[in-house]
Protein chains: 2
Amino acid sequence: MSTAAVADTRPYHHGDLRRALVDAAIRILEREGPGALSLRAVAREAGVSPAAPYHHFKDKGELLDAVAHVGWEALGVAMTDAKARSSAEMGSMLTEIGVSYVQFSQDHPALYRVMYDCSRDKDMLPEGIQDKEDSAYCLVRGAFKQVAGDEVADMDVELATIAAWCAGHGLAEMSMFKQFAPLKEAFGGEEGFLRAVLSHLGMFNRKT
Amino acid sequence: MSTAAVADTRPYHHGDLRRALVDAAIRILEREGPGALSLRAVAREAGVSPAAPYHHFKDKGELLDAVAHVGWEALGVAMTDAKARSSAEMGSMLTEIGVSYVQFSQDHPALYRVMYDCSRDKDMLPEGIQDKEDSAYCLVRGAFKQVAGDEVADMDVELATIAAWCAGHGLAEMSMFKQFAPLKEAFGGEEGFLRAVLSHLGMFNRKT
DNA sequence: TGTCCGATCTGGACAGTGCTCAGATAGGCT
DNA sequence: AGCCTATCTGAGCACTGTCCAGATCGGACA
């Protein structure tokens with residue numbers, strides 16, 4: 001096959017295989033779930049031999065890291081949008097951001113799982129993900145600082161941010177299980193349920 | 001047979017292999033982590049052929065379900081203990097339960113992960129796990145009801161319980177990442193950090 | 001322009017996995 | 001005793017992640 005490759009879909013030295021592989025992985029993730037995400041399946045989806053990915057990623061984990069990176073970017077965009085959308089009414093900002101976070105996890109459950117599973121030890125992650133996660137984290141903390149005002153200590157803002165992030169992540173994971181179906185119905189769907197739960201987080205410290 | 005028929009699974013000619021397999025799995029989990037938990041490795045650890053487990057579990061997932069079942073039982077015990085230990089000072093009960101939950105996840109991270117990963121759809125879980133999870137869930141709800149008193153609607157208690165569970169699970173997962181190391185130090189270790197975060201959950205709804 | 005180098009890609013191979021199945025083994029029942 | 005059934009084994013299938021020797025091609029250098 002020495003000629004006629006010009007107009008064909010694949011130029012045999014792929015233009016940007018790295019990118020194509022990440023795209024293929026995300027496509028498989030959304031279509032068939034995390035269980036179907038094998039390196040060979042990704043190569044197959046990209047129309048390339050099973051060994052080809054190894055010229056762009058050290059191993060499967062590194063591919064997953066790249067996928068996670070894309071995920072964190074998308075989540076950051078969603079949360080930034082939510083913040084912007086709610087800036088008019090200050091008090092609801094945190095709720096809007098929280099809802100957008102959980103909503104993202106519901107819209108892209110497989111991708112969301114990869115974002116947290118991709119590496120055992122987050123300190124070892126390539127800085128890309130850390131950055132993005134960090135930037136989303138900073139976005140939440142910034143919102144807290146705005147809402148809390150000046151009378152609150154920095155440490156409290158920090159802890160509240162962590163607490164909110166944990167609550168969001170926990171709610172995101174729990175919402176993937178179908179257990180809350182009746183409650184969701186009672187609150188007029190997914191979003192209503194999320195808002196209701198979010199608004200009850202304070203009860204944890206209720207004084208008697 | 002006068003031992004109250006404790007294990008309903010009848011013993012057979014090579015011992016109680018079902019139980020031995022679950023134990024072997026947990027041993028591998030604690031020793032080498034979830035990545036090393038293959039069905040063949042479990043069989044190897046139990047000193048049995050790779051096909052033997054299939055006479056006691058339909059597939060790998062069913063073994064994992066059995067492992068998760070043991071995990072939920074242990075978690076239930078830990079939380080019940082924490083509740084009993086704190087009953088003197090009512091206000092701290094929820095915090096104590098929460099701390100014991102997160103502590104358990106830190107003490108048995110691999111087991112904890114299996115407890116939530118073992119099945120895609122929690123509604124499809126064998127009733128054993130559902131029961132245990134349910135019973136732990138009821139324990140938390142009961143504590144909330146005690147703390148909140150009578151003036152609070154049942155629905156609010158329900159939502160608060162869910163919120164607390166989500167927060168606990170989120171904190172448990174987040175704490176597995178090493179990112180909070182400096183903060184943990186600032187609060188005198190794991191437990192101090194947990195208590196601090198837990199006590200800040202209410203800030204999520206701070207009014208401005 | 002022609003030649004060669006190094007990055008890219010392939011086919012084949014290896015060990016390990018989940019799972020199935022025909023047969024071996026050995027308790028417990030009549 | 002003799003059978004029956006649950007239990008266990010070994011071989012084998014399709015799949016996986018990973019590595020390797022070689023094929024192929026783009027672009028730099030002559």
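Heavy atoms only: backbone and side chains are in, while hydrogens, waters and symmetry mates are out. Proteins get letters first, then strands, A, B, ... in listed order; numbering begins at 1 in each. Here the structure is a predicted model, which means the values were calculated and not measured.
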Original post:
Can you tell me if the side-chain N/O atoms of B:His56 get under 4.0 Å from OP1 or OP2 in D:dA6?
Top reply: no
Original post:
Between D:dC15 and A:Arg44, is there an OP1 or OP2 to side-chain N/O distance shorter than 4.0 Å?
Top reply: no
Would you kindly give the [atom1]-to-[atom2] distance between [X] and [N], to the nearest whole Å?
X: A:Lys60; N: C:dG16; atom1: NZ; atom2: C1'; answer: 14 Å
X: A:Leu21; N: C:dC9; atom1: CG; atom2: C1'; answer: 12 Å
X: A:Glu62; N: D:dC19; atom1: CD; atom2: P; answer: 12 Å
X: A:Leu39; N: C:dG16; atom1: CG; atom2: C1'; answer: 16 Å
X: B:Phe57; N: C:dG18; atom1: CZ; atom2: P; answer: 14 Å
X: A:Asp16; N: C:dT8; atom1: CG; atom2: P; answer: 10 Å
X: B:Leu17; N: C:dA26; atom1: CG; atom2: C1'; answer: 15 Å

Subject >> Trace of the salt bridge (Lys or Arg N to Asp or Glu O under 4.0 Å) decision for A:Lys58 with A:Asp65 >> reply: CA-CA 11 Å; A:Lys58 186 170 112 313; A:Asp65 284 348; over 6 Å; no
**OP:** For B:Arg195, enumerate each residue passing the side chain to side chain donor-acceptor pair (under 3.5 Å) test, keeping only those at least two apart in sequence or located in another chain.
**Re:** B:Glu96, B:Glu191
Original post:
Which nucleotide in the list D:dG17, C:dT17, C:dT10 gets nearest to the side chain of B:Arg40?
Top reply: C:dT17
Strictly under 3.5 Å: I want the nitrogen or oxygen pairs between protein and nucleotides 20-23 of chain C, one per line.
none

Subject >> salt bridge (Lys or Arg N to Asp or Glu O under 4.0 Å) pairs, two or more places apart, involving residues 102-112 of chain B >> reply: none
Original post:
Under 4.0 angstrom, heavy atoms only, what part of the nucleic acid is A:Ser38 near: base, sugar-phosphate, or nothing?
Top reply: sugar-phosphate
**OP:** May I ask you to say whether A:Arg27 pairs ionically with A:Asp23, meaning some side-chain N is under 4.0 Å from a carboxylate O?
**Re:** no
Subject >> Heavy-atom neighbours of B:Glu185 CD exceed 12 at 6.0 Å >> reply: no
Subject >> Mutual orientation of the aromatic rings belonging to A:Tyr112 and A:His169 [parallel < 30°, tilted 30-60°, perpendicular > 60°] >> reply: tilted
Original post:
Is any side-chain heavy atom of A:Phe104 closer than 4.5 Å to a side-chain heavy atom of A:Met79?
Top reply: no
